[in-house]
Structures are given as C-alpha cells and as structure tokens.
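See structure below.
Below, read A as the first sequence line, B as the second, and so on, with proteins coming before strands; counting in each chain starts at 1. Worth saying up front: this structure is predicted, and the values here are computed from it rather than measured.
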Amino acid sequence: MSTDTKTTSLTDSQQEAVEHKNGPLLVLAGPGSGKTTVVTRRIANLIASGVPPWQILALTFTNKAAQEMRNRVFTLLEQDSLHAQGLTVSTFHAFCARVLRDWGERVIGTTTFTIYDSADQRSAVKAAIKACNLNDSNWRPASVLAAISNAKNKLIDVDTFEKEASDFYTKSIAKMYRTYDDILRSNDAVDFDDLLLQTARLLERDGEARQHLEDRYQYVMIDEYQDTNHTQFVIANKIAANHRNICVVGDPDQSVYAWRGADISNILDFEEHYGEGTVIPLGRNFRSTGHLVKVAATLIEHNKQRKEKKLFTELEDGNEPTIVTLENEHEEAESIVREVTRLQNEGVLLKEMSVLYRVNALSRVLEDTFRKAGIPHVVARGTAFYDRKEIKQAISYLRLLVNPKDDVAFVRVINTPTRGIGSTSISRLEHLALSHGMSLLGASSKVSKEQGFTARAANAMKKFSETFRQWQIDGRSEESLTAASSLADLVERVVRESGLEEFYSTGSGEDDLERLQNLGELVSAATEFEERFEAENEDSSPYTPLHLLFAFLENVALVSDADAVDPENGAVTLMTLHASKGLEFDFIAIAGLEEGLLPHERAKHDDSQMEEERRLCYVGITRARKHLFLTHAKRRTQRGVSNRTMQSRFIQEMTGVSITKSPAIEPWDVPDVVPEESGDQTVTVGSLVRHKRFGLGKVQRIIRRTRGSTITIEFRGGVKHLVLEYAKLELVSPDHNNSVEF
DNA sequence: AACTGTAAACTTTTT
DNA sequence: GTTTACAGTT
C-alpha cells in the first residue's frame with residue numbers, strides 16, 4: 001500500500017506486532033492485511049528504540065520484495081531523521097552468498113565461487129551421469145537434478161544421502177549426487193541450493209562462524225515464511241538460537257512453493273519450535289472490496305488441511321467478480337483485452353492492471369493480442385534477457401575471467417565464436433587437464449603439437465588463454481581504480497576481444513543485429529550496476545574492475561522474473577500466478593480456469609497438491625483491489641493441438657457468492673480491437689510484405705499447395721523461403737496478378 | 001571442423 | 001509451436 005506513512009493509524013493487532021520487540025513472534029498475515037506495513041514499521045521501531053541497524057537482518061524471497069522493504073524503512077526513518085546504516089535487507093539466496101564470500105573456505109574450500117544457473121547445472125549433471133557410467137536415457141538430467149535439489153532443500157548433504165541410500169534407485173542417485181558435487185567443487189562453483197545448504201552446514205559445524213553471525217544479527221525477520229524450506233529454517237533458527245529474537249511473517253493459505261521444497265510445517269509448528277512465542281493473526285483485509293474478499297474466502301474454505309482463519313473487510317461491497325466462458329484462447333485473450341480497454345476508459349490506469357496465468361506458455365496468445373490491439377504491456381520475465389544466447393556467451397566469458405576454474409564456462413566459449421577447435425580437440429584437452437589436475441583454461445596454455453593437437457587447434461587455444469591472461473592482468477590493475485566506468489569498460493572489452501562483437505556484426509544470421517544490440521545492452525546493464533554499486537558502497541575502499549565484475553555476476557545470477565515488475569511503467573503486466581505473489585493491482589484477470597491447467601494436470605491425483613493449486617488460485621484472486629475477471633476457454637490449443645477443455649472445479653467452488661457470468665461472446669459481438677491480418681487479403685508476386693523478424697521484403701515466387709504453400713521473399717538481409725501459413729506476413733502493398741489466398 | 005536439416009522432447013510453477 | 005540433439009554433408 002503506497003499510502004503508508006508513520007501517521008497512518010494501525011489496528012490493535014497491527015500495533016501490537018509493530019511494538020513487539022524481544023522474543024519469538026509469528027504474524028499470520030492474510031492477503032491485504034498490511035503485512036509489509038507491519039514489518040517495515042517494526043524495523044523502524046526497533047531502530048528508534050535504540051537497536052543498531054546493523055543488528056537487524058530481514059530476509060525476503062525476491063530482490064524486488066527486499067528493495068521495497070528497504071525503501072519503505074528508509075522513508076519511515078527519514079521522517080525521524082535517523083539512519084539505517086548497516087541494516088541488512090536481502091533475499092535468502094543473496095544473504096547466503098554473502099556469508100559464503102566470508103566463510104566459504106570452511107565448507108566449500110573457496111570464497112570466490114561462481115553461481116551456476118540451471119543451464120550450467122544441467123551440463124554438470126550430464127557430465128556426472130556420464131562419469132557414473134549410467135545410461136542417460138534412463139536417468140534424465142532433469143529428474144536427477146530434481147532429486148539432488150530435493151535433498152539439498154531438506155539439508156541432506158552427500159554424506160548423509162549416501163548413508164541413507166538403500167535401494168538401487170537411491171544408491172544411483174547418491175553416486176551421481178557425489179559426482180555432481182565433486183564437479184561443482186573442482187570448478188569452484190555452487191548451485192542455487194548450495195547457497196542455502198552450505199550456509200546451513202557452516203552454521204552447524206563451525207562454532208566461530210555461528211558465533212559471529214548470531215552476535216551480529218540480534219534481530220531476525222523473515223517474510224513469506226510459509227515458503228521457507230527446511231534448510232532455510234535451520235539457517236534462521238541457528239542465527240536466532242540464543243537471542244531468540246525471531247519474527248516471521250506469513251500465511252499458510254498462500255503457500256505455493258511446496259513443489260520446490262517449501263515446508264509448510266515451518267509456519268504451522270512455529271509455536272512448538274519456540275515455546276513462549278507470540279502469535280498475532282491479521283485477518284482484516286484492507287486491499288480488496290467486499291465481493292472479492294468473499295469469493296476468495298469461499299474458495300479457500302474448500303481446503304481441508306487448513307487452519308481456519310477469518311478473512312474479512314470493512315470496505316464497501318464493490319464490483320462483483322466476472323466469469324466468462326469463451327470458445328478458444330484467442331477469444332479469451334480478446335475478451336481480456338476488451339475488459340482492459342473498458343476499464344481504461346473508466347479511468348483505471350494500465351499499470352494498475354495485471355493478467356495472470358498458470359503456465360508461461362499461455363502468455364504468447366495474450367501477448368500477441370495485446371500487441372495487435374496496441375495496448376502497452378510487459379511480460380514479467382526478468383530472466384529472459386540473461387537467457388539469450390549471445391548474453392549467455394558473453395556472461396560465460398566474464399565468468400571464466402573471474403573464475404578460471406569454471407570448466408563449464410570454458411567449454412561454452414572455447415569455440416564460440418568458432419576458432420577451429422572441435423569436439424576432438426576439446427576432449428583431448430579434457431584428458432590433458434585431468435591428468436595434470438588442472439582446469440581447462442590452465443591446460444589450454446600448455447598445449448602443443450606433441451600431445452596430438454593439430455597446429456590450428458594448439459595455436460587457437462594458446463591465443464585464447466593468452467587473451468584471458470591479459471584480461472586478468474588489466475582487471476586487477478590499480479590504474480583503472482579511479483576510472484568512472486571500469487566495469488563497463490572491462491565488459492565492453494571482453495565483448496570485443498572475445499570476437500563476439502565481430503561475429504555478430506559480420507554474421508549472416510537474421511537476428512544478428514538484434515544480438516549485437518543486446519550485447520550493447522549488457523554493457524549498459526554493467527554501467528547501471530556500477531553506478532548503483534558505487535552509490536551503495538561510497539565509503540568502502542575502491543574496487544578493482546575484477547571485484548566489480550564479481551559483484552555484477554552475482555547480481556545477474558540471482559535475478560528472478562518477479563524482479564521485472566516495474567510499477568513505474570504505464571503498462572499492463574502479464575505474469576504467472578507464482579510471480580504475482582506479494583503484489584496488488586486494481587484489476588486482475590486470470591486466464592485459463594480449466595481442469596488440467598488450473599488445477600494443473602500434475603496435481604490431479606494428489607490431494608495436497610490439489611490444495612496447493614487452490615491456494616495458487618486464491619493468491620491470484622486476492623491480488624485484486626477492485627476488479628476481478630476470470631476466464632476459461634472451451635477449446636485450447638496446446639503444443640500445437642486443439643483440445644476440448646472442462647471448466648475448473650474452482651469455478652464451481654466459488655459459486656454461492658455474487659458472481660456475474662458473462663455469456664460467451666457472439667461472433668458479431670467481437671469488436672474491432674483485433675483486426676485479423678489474413679482474412680480476405682491476398683499476397684501476390686511483387687507484393688511488399690512485412691515479417692515479424694525479417695522486416696520488409698518483396699515477394700518473388702509463390703508455390704501453391706492445398707497445405708504448406710511456400711513463398712520466396714527477398715528481404716533486406718537476403719532471400720528466404722517460408723511456409724505461407726506460418727509466416728504471419730503482413731501485407732504492405734498488394735499487387736493484382738497471380739494472387740494467392742492466405 | 002563447420003554447417004544444415006530433421007527428429008524428438010517438451011511444459012508447471014523459480015531462487 | 002519451440003527448442004534442443006543428432007546425423008549427415010561439405
């Protein structure tokens with residue numbers, strides 16, 4: 001809630017939570033109950049009552065949540081002209097990364113580790129499966145990884161896992177778990193789960209580290225406590241073991257991450273864990289109008305494994321939620337776009353509207369429809385930029401620069417762009433590195449023809465390692481310490497001297513120009529990061545470019561989709577239900593309320609998973625302040641095939657409260673928001689057409705078939721042969737001979 | 001070694 | 001409908 005100031009009045013329970021100082025405290029905060037207000041005011045209150053800010057640790061799940069909390073505490077404190085110097089507000093993962101930067105030597109043997117993303121994890125686990133001589137068609141990387149991740153979330157390290165393994169399956173996993181971890185260790189790398197697991201192990205095993213951290217953080221706060229896993233519980237619990245000043249905030253009804261190892265008993269058993277703890281329920285909803293609160297409450301009451309909790313509001317009844325049945329996903333998207341337009345005319349701002357869905361795959365049709373209608377929109381995908389091929393390549397160069405032991409990064413870049421080093425040369429190098437106990441980059445400087453390398457490969461490898469040596473020397477140089485943009489300079493230099501820039505500027509590929517621009521954007525991102533970093537660390541000693549690069553890469557590794565939600569831009573936000581947790585909008589549309597989608601197919605045969613789906617729906621509904629628009633389509637095309645659907649059981653469960661069911665839209669009722677591009681338009685030889693990716697082009701030739709007609713078009717970047725039905729061409733100027741229908 | 005085209009798997013949700 | 005893996009070709 002943006003209206004938060006020190007003078008806003010609080011309810012008695014809110015007040016009690018804010019003033020609670022010592023001892024364990026659980027705040028059971030229903031949706032819209034002013035949770036963030038309570039947490040931020042409590043922090044401000046602690047500081048005002050004399051607690052030094054650096055003794056306070058507040059943990060969240062996303063960077064965005066951390067940032068918002070930090071900002072609001074700062075705002076509160078400024079009015080009292082106090083300082084928040086040293087206050088730690090961070091995500092669990094970023095906090096653990098920082099702890100391991102200080103103490104990592106004792107658990108993982110290094111403090112300068114690289115954080116592996118899911119693609120890196122995949123490479124590592126594939127290597128592990130191979131090293132264990134197991135068949136990788138029986139052992140799919142994804143499921144092995146899931147098993148390992150599961151163990152790590154439950155604080156089961158390799159040794160423990162091995163001891164407990166009894167059957168063939170578990171023993172095989174144990175073997176791969178060990179090999180996988182060995183690979184990570186020899187590469188000086190950790191995965192996401194390791195950040196938590198290794199921190200927990202540190203706290204359990206190392207008295208000195210534990211002492212240091214519990215002395216430093218006298219007050220611990222955890223947001224979204226229902227989403228913590230066992231490992232996170234142990235981390236918080238160890239830090240707070242002695243002073244017991246732990247305050248957790250959460251709502252069991254909003255627990256939607258059990259699939260990722262979140263352990264709901266953490267919040268349910270809080271009172272058992274901390275005998276004399278205080279529990280404060282916040283049930284009054286300040287966010288949503290009456291009808292919406294009622295629908296949400298009615299739905300969640302269908303969950304059986306649930307602590308009964310009253311959810312109520314004193315706001316007016318407001319609008320009734322609308323449920324609409326549509327023929328297919330295109331009509332669905334159109335109906336949402338129309339509703340957005342209608343509300344926009346009523347004065348609701350686009351940035352106060354959001355469209356939610358169960359799976360990312362649903363975003364495509366919605367996106368297309370919004371684009372065609374010309375309505376500003378953003379898809380919340382913070383990770384998308386860093387998933388791009390060219391960005392991954394550049395990042396791999398940078399990672400190898402700060403961590404020469406990162407063999408996964410080495411393999412990714414040694415021959416991109418191509419330098420005449422193929423798979424045989426690489427496996428030869430791998431053997432060489434293994435027998436000398438060296439990293440691949442280290443070994444690459446030592447190759448010679450005598451070891452069986454071709455002259456071309458040997459020279460290319462030597463040149464490659466020499467480039468890195470030079471970057472390292474310059475990255476450590478004291479000279480650039482005072483330079484205003486040392487990090488951006490370094491990134492730019494790596495992009496250039498790695499050959500990536502040249503590769504994409506001279507390449508013949510159609511999206512090369514875009515890729516080149518993205519590389520430019522990476523440099524801008526580095527500049528931005530550098531400015532922010534320096535503003536936040538003003539009084540620290542100057543950093544070398546390599547130090548900055550280290551921090552930049554850590555930042556890149558820990559971005560999430562939810563971080564991309566920017567309330568400042570005037571656009572409708574499209575995102576998954578999961579990503580919407582913790583946010584609120586005037587208008588919420590939820591698409592795809594169908595069996596198999598919401599609830600998802602995989603939850604159908606498991607009661608507790610089904611309840612999680614219901615909670616997910618509940619989370620979505622409770623994001624809305626004033627308008628709720630629920631849709632389902634009778635047919636939906638997924639993976640290229642159209643299927644009949646059944647409406648979600650959740651729709652039935654919500655009836656009994658006021659709901660407006662709009663009839664399906666009749667064909668003649670479809671407004672002109674979405675002009676069909678094809679229709680009766682024709683493309684002919686000589687026509688000017690526009691293609692989404694290739695741009696403008698001239699039609700040279702058309703080969704007609706009943707299905708799959710091919711069309712030859714001359715674009716600026718070259719001649720292309722496309723299948724007419726799929727090309728999604730836009731006619732720019734028609735020509736009237738030899739016409740062909742779309 | 002590098003490039004090209006086709007088969008197959010894929011989709012739940014994410015730090 | 002998209003991405004990745006692999007096989008075949010130059």
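Residue contacts for Phe61(A): at a heavy-atom cut-off of 4.0 Å it reaches the sugar-phosphate backbone alone, with no base atom in range. Among the atoms of the strands shown, only primed sugar atoms or phosphate atoms (P, OP1, OP2) are found under 4.0 Å from some heavy atom of Asn360(A). Among the atoms of the strands shown, none is found under 4.0 Å from any heavy atom of Arg615(A). Using a 4.0 Å heavy-atom cutoff across all strands shown, Ser118(A) reaches no nucleic acid atom at all.
The Arg364(A) side chain lies nearest to dG1(C) when the options are dT13(B), dG1(C), dT15(B). Comparing dT15(B), dT4(C), dC10(B) by their nearest atom to the side chain of Arg639(A) picks out dC10(B).
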Below 3.5 Å is the cut-off: list the nitrogen or oxygen pairs between protein and nucleotides 2-5 of chain B, distance only.
residue, atom, partner, partner atom, Å
dA2(B), OP1, Gly420(A), N, 2.8
dA2(B), OP2, Asn415(A), ND2, 2.8

Dump every N/O contact between nucleotides 7-10 of chain C and the protein below 3.5 Å, one line per pair.
none

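A gap of 22 Å separates the C1' atoms of dC6(C) and dT11(B), to the nearest Å.
The backbone N or O of Asp251(A) sits nowhere less than 3.5 Å from a side-chain atom of Ser255(A) that would complete a donor-acceptor pair. With hydrogens and angles ignored, the 3.5 Å screen pairs no side-chain donor or acceptor of Asn237(A) with any backbone N or O of Phe233(A). At distances below 3.5 Å, at least one donor-acceptor pair connects side-chain atoms of Glu332(A) with backbone N or O atoms of Gly592(A).
For the pair Asn153(A) and dT15(B), the criterion of a side-chain N or O lying under 4.0 Å from OP1 or OP2 is not met. When the side-chain nitrogen and oxygen atoms of Arg388(A) are compared with OP1 and OP2 of dT3(C), none of them lie within a distance under 4.0 Å. Between Ser560(A) and dT15(B) there is a side-chain polar atom (N or O) within less than 4.0 angstrom of OP1 or OP2. Residue Lys126(A) has a polar side-chain atom (N or O) positioned under 4.0 Å from OP1 or OP2 of dA5(C). In terms of phosphate contacts, Arg140(A) brings no side-chain nitrogen or oxygen within less than 4.0 Å of OP1 or OP2 of dA9(B). For dG1(C), the OP1/OP2 oxygens have no side-chain nitrogen or oxygen of Thr637(A) closer than 4.0 Å. Residue Thr424(A) places at least one side-chain N or O under 4.0 Å from the OP1 or OP2 atom of dA1(B).
Proximity of residues 594-610 of chain A to DNA chain B (heavy atom under 4.0 angstrom from any strand atom) is restricted to His600(A), Arg602(A).
Taking a pair as Watson-Crick or G-U wobble with both distances under 3.5 Å, the runs of three or more consecutive pairs in DNA chain B are B:1-10 with C:1-10.
Partner Glu594(A) forms a side-chain hydrogen bond (donor to acceptor under 3.5 Å, both in side chains) with one of Arg636(A), Arg649(A), Lys634(A) and no other, that one being Arg636(A).
Stacking between Phe92(A) and dT15(B) is absent: the aromatic ring centre is not both under 5.5 angstrom from the base six-membered ring centre and within 30 degrees in plane angle.
The side-chain contact (heavy atoms from CB on, under 4.5 Å) check on Leu155(A) picks up Leu197(A), Ala200(A), Glu204(A), His230(A), Thr231(A), Val234(A), with sequence neighbours excluded. Applying the side-chain contact (heavy atoms from CB on, under 4.5 Å) test to Thr60(A) and every residue at least two apart in sequence or in another chain returns Ala65(A), Ala66(A), Met69(A), Thr91(A), Asp223(A).
Note on Lys154(A) versus Asp263(A): no salt bridge recorded, every NZ/NE/NH1/NH2 to OD/OE distance being 4.0 Å or above. Classification of Arg399(A) and Asp120(A) as a salt-bridged pair holds, one side-chain N sitting under 4.0 Å from a carboxylate O.
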